[in-house]
K.L.:
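Here's a structure for you.
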Amino acid sequence: MDSKTESKLLSLTSQIMSPAKQIRFDLDWVGEKRMNSFITKVMSLVSSMDLDLQPKPESEFMSLTTQIFSLLHSMDSDSMPKPLSNLISLLSQGNFDHNTDFRLFFRQTMALEPEPIFMSLIYQIFSLVISMNTKRDKLISLCPQACVVLGNNGNFEVIVKKQEGQAHKGKAIPWSRDSKWECLPFNWKTYWSSGDDVTHFRCRNCDGDNHKEYEKAPVEIKHSLHRKHSLQLVLLDESSYTRVCYCCDEDLKRMFYYCRTCDFGLNFVCAKKEAILYIDQPKWHEHTLALFLRKTSLTCNACGLSHSSCPLYMCPPCDFVIHKSCISLPRLIRISRHFHRIAYTPSFDEGDWSCSVCRKKIDNDYGGYVCTKGCSYAAHSKCATQSNVWDGIELEGEPEDIEEEVLPPFLEISDGIIQHFSHQQHHMKLDENTGRDYDENKECEACIRPIYFGNFYSCLECDFILHEECANLSRKIHHPIHPHLLNLIGGFDGVINYYNDKCSACIGLCKGGFFYECGKQGCKFMLHVQCATTSEPLVHESHRHPLFLTSKPGEKIRCSVCKDSEETFNCIECDFALCFYCAILPQKVRYKHDKHTLTLSYGKETGTSWCEVCEAKINLKGRFYMCNEYCCVTLHIKCTLGDLHMRPGSTWITFGNKVDVLHNSNRMSRSICSYCVKHCPYKIVYMCSGLILCSQGCVVRSILQKRGRYRELEFLSRYA
């Protein structure tokens with residue numbers, strides 16, 4: 001084979017040997033999907049060549065590759081074990097990238113004793129490619145000695161100890177499995193200690209037991225920040241929340257050093273750094289500061305908090321105390337919650353100050369941030385520097401930004417006639433007829449909602465429609481839950497990714513209509529237009545008090561209405577919380593078979609009622625739409641609105657399957673969903689692999705069932 005072919009094969013093999021970047025549901029799905037794709041491409045490449053006409057291979061890699069394909073052509077299927085025969089038969093067919101039998105046949109063949117020559121040759125190729133990567137030789141193996149989870153009390157709990165090899169509290173995490181295939185690099189999790197290069201890895205299969213050729217990180221250390229006890233290398237369970245590292249004040253990663261006796265945690269990167277006993281910080285204090293290691297409740301002068309989750313430096317004669325992490329607090333910043341810059345102040349003037357981020361009282365004797373323009377805006381030090389409100393840029397010494405001119409969303413051609421930036425090919429006319437009949441098929445292209453009430457713009461030449469308020473959406477905004485500027489995108493004609501293209505607030509599929517996305521390169525933050533235009537203080541019919549966005553970065557508070565845990569608006573008077581999904585549900589809607597307005601009810605009704613669309617019983621203690629007039633129409637929210645943010649004609653992809661969003665043209669006769677075998681009652685249906693499906697849930701379940709992914713199906717059934 002020529003060098004070009006060998007280079008292609010080496011590249012393909014190296015790709016599958018790279019550690020997986022992400023894991024969804026379980027390891028098998030990623031590893032086997034990549035294995036399928038790899039073998040499909042290799043088979044396609046080699047099958048296009050005549051091996052007999054190729055020169056004799058000179059490299060060991062090409063020699064092994066040629067042996068495999070020669071073996072494929074010479075093996076007698078009747079004389080080989082059934083799993084191997086099935087696997088080779090499947091390989092010979094060529095197109096099996098999404099064939100669910102591959103997983104079964106490959107695993108059965110791996111389990112054969114003795115190992116077939118065919119499998120041995122494949123493994124030799126993988127091992128050879130691994131040995132060619134000189135960077136990988138320098139990696140350090142991480143071998144955790146226990147697995148921990150963060151308990152409700154804020155302390156870590158050990159759920160598995162390696163030497164015990166058994167789980168507690170129903171948890172099961174295998175240690176030292178024997179399969180050499182599971183120890184290949186695609187089953188590794190990689191880590192960075194500094195810079196951009198990978199320095200450490202953990203094998204998810206054996207936790208280092210089968211990788212004696214690699215240097216191992218210490219499994220137990222002594223550190224100057226915790227002299228009393230040794231620290232043990234532990235693994236944070238994938239389902240667990242985390243807390244901050246004692247040294248760097250950043251979240252503890254999946255792998256860290258831990259003292260069970262003191263509940264002390266240190267990122268393994270920080271373990272290489274020795275404690276600095278004395279520091280000079282003239283910006284904060286005129287005297288040298290000394291490290292104080294004893295955990296005690298001393299209030300930090302910079303942030304006003306008395307926690308002991310990071311080291312303290314102090315000047316005893318001056319009664320000055322500062323957290324190590326607070327030394328890096330910026331002096332001048334811009335946050336998403338305020339129009340002006342805010343500057344650090346060591347104390348506040350007299351008066352009653354409250355933090356405009358968390359809405360709690362500020363102690364005037366300690367540091368925080370105030371507006372540089374003289375506004376009454378103030379914030380706690382830690383609240384103002386949260387990653388969901390501050391972009392991490394220190395502005396001290398930087399000139400004020402000149403506000404960039406924001407282009408208007410449309411040009412006014414004449415009275416009531418506009419040319420919108422999202423629909424420049426035609427002009428649009430304002431319709432102010434409030435007495436019009438309701439037409440459920442007229443939907444706004446921006447918010448993907450029907451024209452229930454109010455004015456709207458309609459295209460003079462096609463069916464393009466926008467609510468008047470949607471037509472006036474600003475093309476650039478700042479939103480309280482994100483530190484960067486967001487740009488309005490007027491529609492998306494590409495294929496929507498089911499897992500990546502989600503609204504960062506309500507977690508619903510984005511890009512069906514208009515949406516806002518972050519203008520910073522590499523940032524994937526995006527919002528539906530409804531979520532982007534919903535802000536604080538939120539006065540909502542579901543609660544008597546105003547609601548505020550007080551959640552910390554990554555904090556998921558349980559919504560008091562739908563019980564899901566997502567980004568929420570929170571009440572500062574009581575424990576009520578409302579997620580974005582519930583906050584953006586329309587309070588009033590229209591129904592084509594009722595001339596009155598339907599109102600969203602919050603479970604204050606009594607008696608029994610049924611939904612007019614699906615004819616199922618309505619839980620009157622939950623939410624539903626109802627007519628307050630004499631006709632007493634009641635509807636489920638899903639039956640009224642369907643899947644939110646889904647535009648007929650759009651396409652999304654999940655698990656490699658294309659899904660088309662279609663109008664439910666047979667809504668009167670009601671098509672049957674191919675998965676749940678129920679009538680499709682909503683305005684839209686989905687087509688996937690020729691099947692008609694009624695909802696996003698049925699689409700995903702249908703694909704998983706087709707692929708034999710019963711573990712994921714069980715997960716969805718339990719938690720969806």
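In this text the structure is predicted, and so the values were computed from the model without any measurement.
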K.L.:
Can Lys683 and Glu443 be counted as an ion pair, charged N to O under 4.0 angstrom?
P.N.:
yes
K.L.:
For the residue pair Tyr499 and Phe655, is the inter-centroid distance of their aromatic rings smaller than 6.0 Å?
P.N.:
yes
K.L.:
In Å and rounded to the nearest 0.5 Å, what is the CG to OG distance from Asp463 to Ser458?
P.N.:
9.5 Å
K.L.:
Would a 4.5 Å heavy-atom cut-off, applied to side chains only, mark Ile653 and Asn657 as touching?
P.N.:
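When only atoms from C-beta onward are counted, Asn657 and Ile653 do not touch, as no gap falls below 4.5 Å.
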K.L.:
Do side-chain atoms of Thr634 reach the backbone of Trp610 as a donor and acceptor pair under 3.5 angstrom?
P.N.:
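Side chain of Thr634 to backbone of Trp610: a pair is present.
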K.L.:
Parallel, tilted or perpendicular for Phe514 and Phe464, by the 30°/60° rule?
P.N.:
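The rings of Phe514 and Phe464 sit tilted, inter-plane angle from 30° to 60°.
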K.L.:
Please find the pair of heavy atoms, one from Cys462 and one from His426, that lie closest to each other, and give the distance.
P.N.:
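Closest approach of Cys462 to His426, heavy atoms only: SG-ND1, 3.6 Å.
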K.L.:
Roughly how far apart are Cys571 SG and His540 NE2, rounded to 0.5 Å?
P.N.:
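These two atoms lie 13.5 Å from each other.
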K.L.:
Please identify which of these residues, Arg647, His645, Lys502, Met526, meets the side chain to side chain contact (heavy atoms under 4.5 Å, CB included) condition with Lys511.
P.N.:
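Running side chain to side chain contact (heavy atoms under 4.5 Å, CB included) over Arg647, His645, Lys502, Met526 with Lys511 returns exactly one hit, Met526.
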K.L.:
Do the side chains of Cys627 and His596 get nearer than 4.5 Å, heavy atoms only?
P.N.:
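Contact flag for His596/Cys627 side chains = yes.
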K.L.:
Taking the six-membered ring for Trp, are the ring centroids of Phe515 and His528 within less than 6.0 Å of each other?
P.N.:
no
K.L.:
Quick check for you: to the nearest 0.5 Å, what is the distance between Met646 atom CE and Ile448 atom CD1?
P.N.:
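Here the rounded value is 8.5 Å.
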K.L.:
Just so I know, are the side chains of Pro409 and Ser474 near enough to count as touching, which here means a heavy-atom distance under 4.5 Å?
P.N.:
no
K.L.:
For Phe580 together with Phe569, are the ring centres under 6.0 Å from each other?
P.N.:
yes
K.L.:
Looking at Thr568 and Leu549, what are the two nearest heavy atoms and their distance?
P.N.:
O-CD2, 3.7 Å
K.L.:
Got Leu430 and Asn455 here, is their nearest side-chain heavy-atom distance under 4.5 Å?
P.N.:
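The answer is yes, as the side chains (C-beta and beyond) meet within the 4.5 Å cut-off.
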K.L.:
Can you name the residues that form a ring-ring contact (aromatic ring centres under 6.0 Å, His included) with Tyr498, not counting sequence neighbours?
P.N.:
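Scan of Tyr498 (ring-ring contact (aromatic ring centres under 6.0 Å, His included), adjacent residues dropped) gives Trp652.
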K.L.:
Any side-chain donor paired with an acceptor under 3.5 Å for Asn487 and Lys476?
P.N.:
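Short answer, yes.
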K.L.:
Could you note down all residue pairs passing ring pair (Phe, Tyr, Trp, His ring centres under 6.0 Å) where residues 437-461 supplies at least one of them, sequence neighbours left out?
P.N.:
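The answer is Tyr438-Tyr452.
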K.L.:
Keeping Asp643 on the side-chain end and Gln696 on the backbone end, is there a donor-acceptor pair under 3.5 Å?
P.N.:
yes
K.L.:
Report the residue from Cys447, Cys506, Cys470 that forms a side chain to side chain contact (heavy atoms under 4.5 Å, CB included) with Gln530.
P.N.:
Cys447
K.L.:
Quick check, are the ring centers of Phe525 and His482 under 6.0 angstrom apart?
P.N.:
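Ring-ring flag for Phe525/His482: true, centres closer than 6.0 Å.
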K.L.:
Rounded to the nearest 0.5 Å, what's the gap from OG on Ser671 to CG on Leu693? Could you check?
P.N.:
11.0 Å
